[in-house]
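Step one of this worksheet: look at the structure below.
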Amino acid sequence: MTDSQPHDSGELGVHQAARLEKLKKIEAQGLDPWGHRFDDRSFIEAVRARQGEVRYQLADGSQIPLPEFDGPEIIDYKAWKASKGPGGEEIGPAVRVAGRIMLMRTAGKLVFLNIRDLTGDIQIMIPKGHVSDEDFELTKLLDFGDLIGVDGRLGRTNTGELTVFASKLHFMTKTLEPPPEKHAGLQDPELRQRMRYLDLTYNTDSLQTFLKRTKIIHSIRSTLAKHDFVEVEGPTLHTIAGGAAAKPFLTHHNALDMQLFLRIALELHLKRLMVGGIERVYEIGRVYRNEGISPRHNPEFTMIELYWAYADYRVMMDLTQQIIIEALDAIGQGYKTHWGDLEIDFTPPFKRRTYTELFEEHTGLKIADHEGIASLARKLRLDPDGKHPDVVISEVFEEKVEDALIGPVFVTDYPASLCPLTKRSATQPEIAERFELFIHGMELANAYTELNDPILQENLFKTQLQGMAEDDSMARMDTDFIRALRHGMPPAGGLGIGIDRLVMLLTNSRSIRDVILFPLLRQES
RNA sequence: GAGAGCGUAGCUCAGUCGGUAGAGCAAAGGACUUUUAAUCCUUGGGUCGAGGGUUCGAAUCCCUCCGCUCUCACCA
């Protein structure tokens with residue numbers, strides 16, 4: 001465990017020492033600086049929603065509503081109250097709130113706090129004489145970042161600010177470290193990732209992004225429930241890292257003295273469950289790939305994979321679109337969103353274009369024109385000699401087409417030789433029943449009509465393994481998976497979506513590290 | 001893995017031509033009963049990422065290393 005704060009050296013920083021001193025004084029007042037259960041407190045958002053209950057009672061006892069403070073006009077509430085004659089009084093509901101102290105101002109015998117909870121901020125006013133002397137003494141021991149509970153009455157200050165006028169303070173938790181700068185917040189991207197707890201509190205955009213992530217995942221589950229899908233949890237420790245072509249993390253089980261891999265995909269176990277009769281099955285889970293890190297790649301990331309018996313890749317296309325549209329609905333966003341300077345128009349239906357169409361459109365070459373394509377590949381410095389023509393086509397496609405796909409667009413009907421593990425079209429055997437969904441050059445979803453022929457699957461596995469270099473081939477033949485297929489997996493459509501990338505696109509986050517709470521960082525020095 | 005940029009007070013940032021380290025916020029002490037990033041007076045706070053080199057003198061120039069960011073490579 002590394003904690004590099006100054007107290008490692010035994011010397012307290014001036015901020016830490018000051019806070020510890022206040023902690024001792026709080027204890028000396030007979031209060032618990034670490035707080036306790038606090039029943040029946042309301043979220044700040046709910047308290048703010050009760051602002052209509054704040055009324056003004058005239059001297060004759062009749063109640064009238066307050067002026068409208070939320071409009072463009074600035075209201076002089078003090079003058080308004082004076083205009084209603086003497087003997088009037090503001091009345092408002094009793095409320096109980098708790099939160100972190102974000103701002104604090106003292107004006108003589110008045111103390112103003114702004115506190116924040118999960119749902120928002122609200123101002124607290126603590127007037128000397130309206131709380132006990134002990135509570136007013138306590139305000140001198142408060143620091144930015146401390147957690148506090150407040151009982152009080154909801155009302156308005158002279159400037160119209162919705163405020164809880166405190167009658168009782170409840171100390172909840174002392175903070176021993178100073179918070180980030182109160183206006184600029186925490187800016188350093190490294191600190192925002194290492195100390196996500198501070199980022200979430202002091203950068204509200206960050207909190208909102210992660211709350212949206214939760215809503216998106218919830219929405220996906222809800223969409224799939226409408227189609228009677230069953231959610232399962234497969235193993236993350238695999239004896240064979242299969243289901244994708246990626247380098248796995250290696251680990252070891254001591255008692256069994258067994259080499260294990262962290263999973264790189266969810267596929268092979270979900271298909272086993274299809275054999276087992278779970279006809280519509282999915283998992284939302286973490287996979288681990290021992291590869292490079294970039295703004296679009298984190299070594300652990302979240303995928304959803306799903307399999308739908310008796311469906312095919314076209315059903316998967318409809319479902320993919322439904323998942324995304326309903327996720328957008330769930331975070332209360334329109335279908336036209338921004339991605340940096342670019343607009344993405346999610347208005348359904350998403351475009352569907354075949355691989356061949358896009359290839360010929362962007363290169364000006366017929367896909368059968370192998371010599372022309374090889375010539376273009378040389379111009380792109382792709383070194384096509386000795387490669388299978390379809391591999392050259394794929395490389396040219398990645399170079400010329402993918403980055404140009406703003407999307408959302410379904411790229412469908414790949415050359416069969418590029419997708420050996422995909423079922424071929426019954427009518428056009430050179431076509432694989434596959435699509436990928438591209439948005440702004442980013443591959444977001446990948447789906448197939450799944451191969452369920454165990455003999456073909458086994459042969460393709462063997463061919464694939466033969467083609468791999470010894471080092472790359474952590475993969476081995478998954479004979480149990482073949483055995484499962486021999487027991488009969490129904491024809492099915494399968495779909496994979498990168499959840500992190502989906503969240504990036506829907507929340508206009510430029511880096512995957514902005515949508516993963518704790519992305520992998522090097523150990524702090 | 002390669003290239004570029006960055007790293008200065010707890011936080012956000014300045015730092016000119018190489019000439020004794022700066023501001024705001026935060027902290028400590030004080031004033032103030034309607035503040036809004038409150039204001040005002042006073043005070044303290046630095047291994048300039050680490051190490052080495054050049055120089056009379058280095059935050060500044062050079063080298064190595066550490067960390068972060070971006071681009072590329074890798075990447076069903």
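The chains referred to below are lettered A, B, ... by the order of the sequence lines, with proteins before strands, and numbering in each begins at 1.
For G5(B), the paired base is C68(B) (Watson-Crick or G-U wobble, both distances below 3.5 Å). With a 3.5 Å ceiling on both atom-pair distances, the Watson-Crick or G-U wobble partner of A31(B) is U39(B). Nucleotide U60(B) forms no Watson-Crick or G-U wobble pair with any nucleotide shown, as no partner meets the under 3.5 Å limit on both distances. Base-pair partner of C48(B): not found among the strands shown (Watson-Crick or G-U wobble, both distances under 3.5 Å). Here C17(B) sits opposite no nucleotide as a Watson-Crick or G-U wobble pair (both hydrogen-bonding atom distances under 3.5 Å).
Residues L110(A) and M125(A) are in side-chain contact: their nearest non-hydrogen atoms beyond the backbone lie under 4.5 Å apart. Between R196(A) and L200(A), some side-chain heavy-atom pair lies under the 4.5 Å cut-off. Residues Y355(A) and I367(A) are in side-chain contact: their nearest non-hydrogen atoms beyond the backbone lie under 4.5 Å apart.
Using P as the reference atom, C72(B) and A14(B) are 26 Å apart when rounded to the nearest Å. Here the separation of U55(B) from G49(B), taken at their P atoms, is 23 Å to the nearest Å. Using P as the reference atom, G51(B) and C13(B) are 25 Å apart when rounded to the nearest Å. Rounded to a whole angstrom, the distance from the C1' atom of G44(B) to that of G30(B) is 15 Å. Comparing G52(B) with U12(B), their C1' atoms are spaced 32 Å from each other, to the whole Å. Taking atom C1' on both U47(B) and G7(B), the two are 14 Å apart, rounded to the nearest angstrom. Taking atom C1' on both A21(B) and U8(B), the two are 9 Å apart, rounded to the nearest angstrom. For the P atoms, the distance linking G45(B) with G22(B) amounts to 13 Å, nearest Å.
Using a 4.0 Å heavy-atom criterion, one finds that E161(A) contacts the bases of the nucleic acid, with or without backbone contacts as well. Counting non-hydrogen atoms under 4.0 angstrom, G496(A) reaches nothing in the nucleic acid.
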- request: Check the pair D199(A), R192(A) against salt bridge (Lys or Arg N to Asp or Glu O under 4.0 Å), reporting the backbone distance first and the verdict last.
  value: CA-CA 5 Å; D199(A) 181 43; R192(A) 290 181 61 181; 2.8 Å; yes
task: Show the numbers, then the answer: is there a side-chain contact (heavy atoms from CB on, under 4.5 Å) between E450(A) and M489(A)?
output: CA-CA 10 Å; E450(A) 300 294 342; M489(A) 184 184 93; 4.0 Å; yes
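With distances taken from any side-chain atom of A18(A) to the nucleotides C13(B), A28(B), A37(B), the minimum falls on A28(B). Closest to the K22(A) side chain, of the nucleotides C11(B), A28(B), A37(B), is A28(B).
Side chains of E45(A) and T119(A): a donor-acceptor N/O pair is absent below 3.5 angstrom, by distance only. No side-chain donor from either of K271(A) and N452(A) sits under 3.5 Å from a side-chain acceptor of the other. Side-chain atoms of Y77(A) and E90(A) form a donor-acceptor pair, as typed in the model, at a separation below 3.5 Å. There is no side-chain donor-acceptor pair under 3.5 Å between T354(A) and T356(A). Checked by atom type, the side-chain pair D390(A)/Y414(A) shows no donor-acceptor distance below 3.5 Å. No side-chain donor from either of R352(A) and Q321(A) sits under 3.5 Å from a side-chain acceptor of the other.
Rounded to whole angstrom, the span from the CG atom of L66(A) across to the C1' atom of U34(B) amounts to 15 Å. Following rounding to the nearest Å, N158(A) (CG) and A38(B) (C1') show an atom-to-atom distance of 15 Å. Rounded to a whole Å, the CZ atom of F112(A) is 8 Å from the C1' atom of U33(B). Protein atom CG of L20(A) is 18 Å distant from nucleotide atom P of G10(B), rounded to whole Å. Rounded to whole Å, atom P of C32(B) lies 11 Å from atom NZ of K128(A). Rounded to an integer number of Å, the gap from R156(A) CZ to U35(B) C1' is 16 Å. In this structure, Y197(A) places its OH atom 12 Å from P of C11(B), rounding to the nearest Å. In this entry the distance linking CD of Q187(A) with P of C6(B) reads 19 Å, nearest Å.
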query: What string of B, S and - do you get for nucleotides 68-76 of chain B 5' to 3' if you count protein non-hydrogen atoms under 4.0 Å?
result: SSSS-BBBB
Polar atom pairs (N or O), protein with nucleotides 23-26 of chain B, under 3.5 Å:
from: C25(B); atom 1: O3'; to: K182(A); atom 2: NZ; distance (Å): 3.4
from: C25(B); atom 1: O2'; to: E181(A); atom 2: OE2; distance (Å): 3.2
from: A26(B); atom 1: OP1; to: K182(A); atom 2: NZ; distance (Å): 2.6
from: A26(B); atom 1: N3; to: H15(A); atom 2: NE2; distance (Å): 3.0

Got a list of protein N/O to nucleotides 2-4 of chain B N/O distances below 3.5 Å?
none

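For E430(A), there are no side-chain hydrogen bond (donor to acceptor under 3.5 Å, both in side chains) partners at least two apart in sequence or on another chain.
A salt bridge (Lys or Arg N to Asp or Glu O under 4.0 Å) check over residues 16-26 of chain A, counting only residues at least two apart or in different chains, returns the pairs K22(A)-D143(A).
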Using atom types as modelled, flag every donor-acceptor pair under 3.5 Å from a side chain in residues 78-87 of chain A to any protein atom, sequence neighbours excluded.
from: K81(A); atom 1: NZ; to: N158(A); atom 2: OD1; distance (Å): 3.4
from: S83(A); atom 1: OG; to: W80(A); atom 2: O; distance (Å): 2.5

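OP1 or OP2 of U35(B) has not a single side-chain nitrogen or oxygen of R105(A) nearer than 4.0 Å.
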